[in-house]
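Keep in mind that the numbers below use all heavy atoms, side chains included, and drop hydrogens, waters and symmetry copies. Nothing here was measured: the structure is a model prediction, and the numbers come from that model.
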Amino acid sequence: MNCTGPRIVVAALLALAPVALAAQVRPAPSGIVGADSMLQMLSGAPGEKTTRAELEAALLEIQQVIESSGYSAALKGARQAEAALIRRRLAEGDIFPGDVILLQVSGDPRMNGVYGVTPKRTIMVPGAGELPVGGLLRSELEAHLTTEVAKFVRNPTVRAEPLLRLQVSGAVNKPGFFTVPSSMPIPDLLMQFAGGPAANADVGRSTVIRGGEVVLPGAAVDEAIREARSVDALNLLAGDELRVGTRPSSGTLGRVLAGVGSVASLVWIFSQVF
């Protein structure tokens with residue numbers, strides 16, 4: 001494989017690292033970036049959200065892995081955990097009370113804003129009233145809201161982005177709670193919000209925790225980072241904790257590694273993606 005391109009990209013990022021880190025987007029004190037700032041951040045995003053058909057196809061592939069004798073127990077365990085998350089998404093949807101939706105509507109600026117999902121799984125939009133969002137996958141939200149808004153605005157163009165409040169903990173430089181777009185790739189989440197993985201990060205030991213229980217083991221998280229999958233593609237829900245694993249270290253070596261900064265994090269991310 002020709003690695004010249006990735007090496008050039010890494011070299012450029014190393015040169016620009018101080019600028020990039022200074023310019024990264026940060027959540028507002030409320031935990032939510034303003035609507036205008038969020039839309040600007042999303043302007044170059046791939047918008048990856050998994051469809052219902054893709055989730056159903058993924059379940060079939062996972063079942064083949066589980067039934068095969070050619071895969072390790074660890075990999076089968078990771079796939080079984082993914083299957084459980086997918087089944088819940090298909091049954092209940094992705095949008096729950098307390099979630100947040102960024103909405104932009106051409107033709108009626110009153111509707112532009114960031115809206116919290118009510119206990120009835122609706123959002124209250126000026127000029128449109130109470131709009132239902134329950135039972136929908138994130139990939140279905142935009143088309144659904146386009147249909148709803150079209151009852152009040154002629155031929156609207158609607159942009160709807162679900163935002164998830166996630167916790168990033170473990171071996172990262174700036175752990176915390178962040179409200180992020182569901183279409184954001186996991187490497188971008190780690191870099192733009194959590195300050196990048198720490199020098200002693202071991203993604204193979206990472207987990208996703210939901211309600212105090214591990215719902216995804218390190219193999220699934222490692223794969224998601226290497227393939228630059230989105231938050232949505234990792235089947236995350238608001239309130240989930242992404243805990244980046246720590247590589248065991250001790251003595252002088254451990255102290256030296258702990259002092260390595262953001263440049264090392266950039267190299268780490270691109271070594272995983274490329």
Side-chain angles (χ1 to χ4, degrees), residues 1-14 16-17 20-21 23-25 33 38 40-51 54-55 57-58 61-62 75 78-79 81-82 85-86 89 94 137-139 161-164 166-175 178-199 201-208 215-238 240-245 262-274:
M1 185 174 81
N2 185 355
C3 296
T4 302
R7 287 173 181 167
I8 292 174
V9 172
V10 172
L13 282 171
L14 289 174
L16 296 173
L21 291 172
Q24 60 186 277
V25 178
V33 176
M38 185 66 79
Q40 183 177 7
M41 183 174 72
L42 290 173
S43 61
E48 178 191 352
K49 299 183 186 72
T50 312
T51 67
E54 289 171 337
L55 290 175
E61 292 179 3
I62 288 172
L75 180 59
R79 290 293 180 264
E82 290 180 62
L85 299 186
I86 291 172
R89 292 184 68 182
D94 292 328
L137 296 177
R138 288 183 281 260
S139 61
E161 178 69 30
L163 309 178
L164 283 72
L166 303 173
Q167 180 181 3
V168 182
S169 64
V172 292
N173 291 313
K174 295 182 179 180
F178 309 103
T179 300
V180 304
S182 62
S183 57
M184 174 169 277
I186 297 298
D188 290 0
L189 165 62
L190 294 176
M191 290 303 302
Q192 294 188 33
F193 286 88
D202 183 352
V203 177
R205 298 173 182 267
S206 301
T207 54
V208 170
V215 294
L216 277 181
V221 179
D222 183 23
E223 186 176 61
I225 291 177
R226 286 188 288 103
E227 297 181 357
R229 293 183 188 174
S230 69
V231 168
D232 180 81
L234 194 55
N235 300 304
L236 299 184
L237 292 178
D240 285 352
E241 176 186 355
L242 174 57
R243 183 176 297 172
V244 177
S262 300
V263 171
S265 296
L266 282 169
V267 174
W268 183 90
I269 279 288
F270 274 84
S271 70
Q272 299 298 311
V273 174
F274 297 107

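By the 4.5 Å heavy-atom criterion applied to side chains, L166 and L242 are not counted as neighbours.
Using modelled atom types, one side-chain atom of S206 and one backbone atom of G245 make a donor-acceptor pair closer than 3.5 Å. N235 places no side-chain N or O within 3.5 Å of a backbone atom of I86 that could act as its donor or acceptor partner. With hydrogens and angles ignored, the 3.5 Å screen pairs a side-chain donor or acceptor of D240 with a backbone N or O of L237.
Across all non-hydrogen atoms, the minimal contact from T50 to L137 is O-CD1, 4.3 Å. The two residues S169 and P175 make their nearest non-hydrogen contact at CA-CB, 4.1 Å. Considering every non-hydrogen atom in both A220 and A78, the closest pair reads N-CB, 4.3 Å. Listed here is the closest heavy atom pair of A81 and V215: CB-O, 3.1 Å.
Between the CZ atom of R89 and the CG atom of L55 there is a distance of 5.0 Å, given to the nearest 0.5 Å. A distance of 7.0 Å separates CD1 in I225 from CD1 in I186, rounded to the nearest 0.5 Å. S230 contributes atom OG, which lies 10.5 Å from atom CG of D188 (distance to the nearest 0.5 angstrom). The CG atom of L189 lies 10.0 Å from the CG atom of L164; values are rounded to the nearest 0.5 Å. Note that CZ of R205 is 12.5 Å distant from CG of D222, once rounded to the nearest 0.5 Å.
By the 4.0 Å N-to-carboxylate-O rule, E223 lies close enough to R229 to be salt-bridged with it. Classification of E161 and K49 as a salt-bridged pair holds, one side-chain N sitting under 4.0 Å from a carboxylate O.
The one candidate from T207, V168, V208 that meets the side chain to side chain contact (heavy atoms under 4.5 Å, CB included) condition with R243 is T207.
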(message) Go through it in stages, so that I can follow the logic: the residues are V231 and R138, the test is side chain to side chain contact (heavy atoms under 4.5 Å, CB included), and I'd like the CA-CA distance, side-chain angles, deciding distance and then a yes or no.
(response) CA-CA 11 Å; V231 168; R138 288 183 281 260; 5.5 Å; no
